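Presented below is the structure to which this report refers.
Everything quoted here is computed from the prediction, not taken from an experiment. In what follows, chains are A, B, ... by sequence order, proteins preceding strands, each numbered from 1.
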Protein chains: 2
Amino acid sequence: MSHTLGIRQAQKQKTRQALLDAALRLLEEQSLSSLGLREVTRAVGVAPTAFYRHFRSTADLGVALVEEALGSLHAMIRTTVSPSGDSEERIDRAVKLIARHVDEHPAHVRFIARERHGGVQPVREAIGDQLARFTEEVRAELAKDPVSAGWSDEDLMMLAHLYVDQMLSTASLFLETPAEDGEERARVADLARRQLRLISLGRRHWNAE
Amino acid sequence: MSHTLGIRQAQKQKTRQALLDAALRLLEEQSLSSLGLREVTRAVGVAPTAFYRHFRSTADLGVALVEEALGSLHAMIRTTVSPSGDSEERIDRAVKLIARHVDEHPAHVRFIARERHGGVQPVREAIGDQLARFTEEVRAELAKDPVSAGWSDEDLMMLAHLYVDQMLSTASLFLETPAEDGEERARVADLARRQLRLISLGRRHWNAE
DNA sequence: AATTCCGGAGAACAGTTGTTAACTGCATGG
DNA sequence: CCATGCAGTTAACAACTGTTCTCCGGAATT
């Protein structure tokens, strides 16, 4: 069904992507609420008015960036939490996956961390929606896991929330640690593993007393 | 030693505080990196140039706001984590304390959550420093607690980090929930208590196997 | 081949920004 | 009581902002 879209729409999507890329780049050293439309178009090398052909405002562009940054992450999340293998190696796999993702998409991760509580309401809401979807997906995976089988929905959501928070916190820590400083990175990974281990421990004893 | 400071310095501190208050107010609907100096002085009713008598830039003002928002919080943190009373009532006390603090200083909490990963480096660093101090203080308290007595320093820091993250996450959730919606607030409090309970459970079994 | 559509350019708008300089009036210290 | 210090003012600057309207050229449609 992918009808090789005409050279017209192709060009449009190309400049649209250029705008998104330039914005993401500029957002590494400022927040969305201070990002100017002219600033973005200037970086792309296009007239200011061209911006309006793609986005109503910078807030609108921000929402599009949320999709780009989080939209494709669902599959990865699910495979991370899915119960396969020993607990210890699952933890190790999860931490490595987070580190890899941060290294491959640092600007995206920074954008989400920054705008999650940022000054632009529609963007905050878009991020909140996506994170809620993540949490729900983690909850669904946890329900399958024998360790947390038969838990109440409140308990499952509590645990899912804890895992998502942990993931974001760890990603943010990796982001703040330059990739060259292998020693510090190792310390962050170690911290994350210990925390996941403690949560996993609390999980196993949750209904045992 | 508090030599009732002259009517001159008193006036200065008064407008300085007015600038801080106005800025905090404006920052409820935007982030620091988009806060203009003229915007602040206009809100106070003072000439733009007067700003320079107090701060070098808005980033400088932001750092001052960090002190105001977090500087006085250390004592509270310590008493919250300190081991006194049953585990369950300690958890309840901590959650109530967070809720109360958010209700009394919502703008401060919002500011910290927003600028922790915000676009202004000096402010990010100031917040990071304060949070590191908090984490260290929590670690020191945990070392006294019989439940985590004899733990390694890495383990203690791991747990302290977990508690501080938890505290911030809960505060942010309270902030997003309007104070009138008692039902939703109760759900947030319930979630926070369950999470603390699970962490506490993992804590008790940490070195038991 | 003729016509419509539309992404982008260009120019102009009123309003905003940070920063500079030189000033005024009043509390302060000698 | 007089001279100094200094918080705050006024005026002006070049640079920047979002938004509107008009136009152009080439792809898409008929």
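- When all heavy atoms of B/W151 and B/R203 are compared, the pair lying nearest together is CZ2-O, 3.4 Å.
- Of all heavy-atom pairs between B/T58 and B/L32, the closest is O-CD1, 3.8 Å.
- For the pair B/R8 and B/L37, nearest-nucleotide mapping onto DNA chain C gives the more 5' position to B/L37.
- Projected onto DNA chain D by closest heavy-atom contact, B/R16 and A/Q9 fall at different nucleotides, the more 5' of which corresponds to B/R16.
- D/dC16 atom P lies 14 Å from atom CD of A/Q30, rounded to whole Å.
- When heavy atoms are screened at a 4.0 angstrom cut-off, B/S57 is found touching no nucleic acid atom at all.
- A 4.5 Å side-chain heavy-atom check between B/E68 and B/L65 finds at least one atom pair inside the cut-off.
- There is a side-chain donor-acceptor pair under 3.5 Å between B/E137 and B/H74.
- The CD-C1' distance, from A/E39 to C/dT17, rounds to 13 Å in whole Å.
- Within the 4.0 angstrom heavy-atom criterion, only backbone atoms of the sugar-phosphate kind lie near A/A50; the bases stay farther away.
- Comparing C/dA9, C/dG8, C/dA27 against the side chain of A/T15 picks out C/dG8 as the nearest.
- Rounded to whole Å, atom C1' of D/dA7 lies 14 Å from atom CZ of B/F55.
- Applying the 4.0 Å criterion to OP1 and OP2 of D/dT20, one finds that A/T49 has every side-chain N and O outside that range.
- One can place CZ of B/R53 at 15 Å from P of C/dT24, the figure rounded to the nearest angstrom.
- A residue-by-residue look at A/H54 and B/Y52 shows that A/H54 has its nearest nucleotide of DNA chain C further toward the 5' end.
- With rounding to whole Å, B/L35 atom CG is found 18 Å from D/dT17 atom P.
- Comparing C/dT17, D/dG8, C/dG7 by their nearest atom to the side chain of B/R42 picks out C/dT17.
- Here the P atom of nucleotide C/dT19 and the CZ atom of B/F51 are 9 Å apart, to the nearest Å.
- Nucleotide D/dC6 holds its P atom 16 Å from the CD1 atom of B/I7, rounded to whole Å.
- Counting only heavy atoms from C-beta on, B/R38 has its side chain closest to C/dG18 among C/dG8, C/dG18, D/dA27.
- Between A/R56 and D/dG18 there is no side-chain N or O to OP1 or OP2 distance below 4.0 Å.
- Among C/dT28, D/dT9, C/dA9, the nucleotide with an atom closest to any side-chain atom of A/A47 is C/dA9.
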task: Give the intermediate values and the outcome of salt bridge (Lys or Arg N to Asp or Glu O under 4.0 Å) for residues A/R42 and A/E39.
output: CA-CA 5 Å; A/R42 194 187 313 132; A/E39 200 177 351; over 6 Å; no
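- Between the CD atom of B/Q13 and the C1' atom of D/dA7 there is a distance of 13 Å, rounded to whole Å.
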